[in-house]
Amino acid sequence: MSYTTFNRNEFDTFKQPMFFGEPVNVARYDIQKHKIFENLIEKQLSFFWRPEEVDLANDRKDFIDLPEHEKHIFVSNLKYQTLLDSVQGRSPNVALLPVVSLPELETWIETWSFSETIHSRSYTHIVRNIVPNPAEIFDDITRNEYIVRRAISVTKYYDDFIELSNYYLQLGEGVHTVNGQTIDVNMRELKRRLYLTMVSVNVLEAIRFYVSFACSFAFAERAKMEGNAKIIKLIARDEALHLTGTQHMLQIMAKGSDDPEFADVAASCRDDVVAIFAEAAQQEKEWAEYLFKDGSMIGLNKDILSQYVEYITNQRISALGFDPIFESRSNPLPWINSWLNSDNVQVAPQEAEISSYLVGAIDSEVDTADLGDFDL
Amino acid sequence: MSALLKDVNEQDEFELSADAGDQPAFELEALQPESDHEAQPLQAELYLPEDNAENPELPPQFEFEGMARPVFSVALDDGRAVRFQHAHSLLESLEAQDVDVHYQCREGYCGSCRAQLLEGDVHYNTEPMAWLNDGEILPCCCIPKSHIKIKL
Ligand SMILES: [Fe+2]
Ligand SMILES: [Fe+2]
C-alpha cells in the first residue's frame, strides 16, 4: 500500500487498527478509538516549556569549579542525553507516521516528537552556558567510541523497521528484487519489527533516560548544577508521559484488541523483549563504568548506579506484564523521587513573556489628555 | 423590579467580600532569591506535604457526630500493616506511615507507584492515565473503599 498524504478511500476511521490500516485522512478528534492518546496530547500541551526560561548563570560557576573527573561525568552524561533526544526528536515521526492509521495516535506521535525537540534545544542552552565553544561537546558525540556504541544500540531497531517499511510503502507485500537483492516484504515481519522498535523505544525513554537523570540529579543533590537539574526535571516530566504512551501502544498490541495478528506477534516476541531489556541494562552498566572511570562523586558511583539500572529495569519490564529480570531490591537512590517530581519547578517570570507584563506596558501608554475633563 | 435590583446588589457585595480574602500578593522578590546558593541544595525548596497526612493537625472542617471518617486497614504482602483514614491518596497515607513507595508525577500519568491489589477495592479520585495491568492500582490517585491488601 503506497502512502498518501490524504487518503481518499471511504472507510470507517474508528474501525482502523493503530498501525497498517488505512492511511489517516481527516485529522479529527471528535471521537477517539483510543482516548488515551487524546489525553496524552492534552497533557503534553499543558507541559509546554522553553529552555531559556531556566536561568543557568550559577551553573557556569559551578562547572568551572568541578574537579576534572566530575566534569567528565557531567559532560559525558550530557552528550548521552543529547544523543538520545536527537534520535527521539525525529524517529517516531519517520518510523511511525507512514504506517499509523488513527488520527489521535498520529497527532500523539507528532506531539511527542515535538517535545523531544525542546529537550534537544535545552541541551544547546546548557552547553552554551558551560563551555565557550559548544562544538567541542557536540562534535564528540559522533566521534567518541563510547557514545557511538550507544548510538548503534538505540537506533538499530528503528532503522531495521524503517528499511523494511520503506520497501512496503513503495512495493507492497511480496518478494521483490531490488538492485539484484531479494527483499521479502511480509506483514508479519513488518509487525514484528514495529513491535520490537516500540520495545526498544520504551527501553530508551524509561530506562536509559532515567539512568542519565540520576546522574544529573546527583550533582544537584550536592547543590551543584542546579539550573541543569531544573531543566532535567522538566524533561523527566515529559519522558514520564512518553513512556506511558509507549506502554499503552505495546499493551494494546499485545492484547490484540484492535489487530489480532499483533497479539500473536507479541506472544512470539517475549524472549526478544526480555533480551532487549537485559541487553540495555548491561549496556547501561558498562556506561556507568565509563562515567566513573576516573573517580566517583559523593552519593553516586558505578555500583550504586548499576543497582539503580537493575531496579528501574525491573520496574519497567513488569509494567509490560513480564517477570522482573533481576533480583528484586528497593530503590538504591531513594532521593531521586522528589527530584523526578516536577510540582515544584519554577521558572523566572521576567524571562518568559508572560502576558501580564505586556498588558502593563500597554496600560502605561495612556495619555492623560485622553482623560479629557475627568476630575481627578 | 426593585426586588431584582436588590438581589443583584447583594450578590455583588457577597462577591466583593469573598474576593477580599487572602489573595496572595504578587511577590516578585520571592521568585528571584539572592544567589548565595551554596548554602542549601534546591531540594530544600521542594514541595512535599509538611504535615502527616494520616494525623492532620487541624480536625476536618465538617465532622458530624457519629460520622467520623471510616478507617480501613492496609496490609502489605511483606507483613507490614498500616491504616488509611485521612490522607488524600493511598500514596500519601503509605508515606505518612513510613512505607517507601516509588513515585514521580503523583497524579496518575507516570505509573511509577504502580502496585498490585491483592484484596479489597479502591476508588479513583481521578482517572489514571498510566497503563495498568489486571490487578494493578495506582496509589497516587486512589483511596481504599474497603480493607485492602497490596504488594508494592
Ligand atoms: Fe526527550
Ligand atoms: Fe521522550
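To find a chain, count down the sequence lines: A is the first, B the second, and so on, and within it residues start at 1.
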> Inspect the surroundings of CG in B:Asp78 and state if more than 12 heavy atoms from other residues, nucleotides or ligands are less than 6.0 Å away.
yes

> What orientation do A:His248 and A:Phe37 show, parallel under 30°, tilted 30 to 60°, or perpendicular over 60°?
perpendicular

> If I measure from the heavy atoms of chain B, does A:Tyr311 come under 4.5 Å with its side chain, its backbone, both, or neither?
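The side chain, not the backbone.
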
> With a 4.5 angstrom heavy-atom cut-off, which part of A:Lys35 approaches chain B: side chain, backbone, both or neither?
neither

> If we define contacts as heavy-atom pairs under 4.5 Å, which of A:Gln315, A:Lys255, A:Gln247, A:Lys43 has the most with chain B?
A:Lys43

> Of the backbone (N, CA, C, O) and the side chain (C-beta and beyond), which part of A:Ser318 lies under 4.5 Å from a heavy atom of chain B, both, or neither?
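The backbone, not the side chain.
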
> Please work out which of the three classes, parallel, tilted or perpendicular, describes the rings of A:Trp112 and A:His242, given edges at 30° and 60°.
tilted

> Tell me, side chain or backbone of B:Asn133 under 4.5 Å from chain A's heavy atoms, or both, or neither?
side chain

> Below 4.5 Å from any heavy atom of chain B, which atoms of A:Asn331 appear? Answer side chain, backbone, both or neither.
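Answer is side chain: those atoms of A:Asn331 sit under 4.5 Å from chain B.
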
> Quick one: which of A:Asn314, A:Ile312, A:Leu320, A:Thr313 gives a side-chain contact (heavy atoms from CB on, under 4.5 Å) with A:Arg316?
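Option passing the side-chain contact (heavy atoms from CB on, under 4.5 Å) with A:Arg316: A:Ile312.
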
> So for A:Leu250, is it side chain, backbone, both, or neither that comes closer than 4.5 Å to the heavy atoms of chain B?
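No part of it gets close to chain B.
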
> Looking just at side-chain N and O atoms, do A:Thr111 and A:Gln44 make a donor-acceptor pair shorter than 3.5 Å?
no

> Considering only heavy atoms, which portion of A:Ala206 lies under 4.5 Å from any heavy atom of chain B: side chain, backbone, both, or neither?
neither

> Would you say the ring centers of A:Tyr210 and A:Phe217 fall short of 6.0 Å from each other?
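No, the ring of A:Tyr210 stays outside the 6.0 Å limit from the ring of A:Phe217, centre to centre.
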
> Which region of A:Phe219, side chain (C-beta onward) or backbone (N, CA, C, O), has a non-hydrogen atom less than 4.5 Å from a non-hydrogen atom of chain B, or is it both or neither?
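For A:Phe219, there is no contact with chain B at all, as no heavy atom is under 4.5 Å.
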
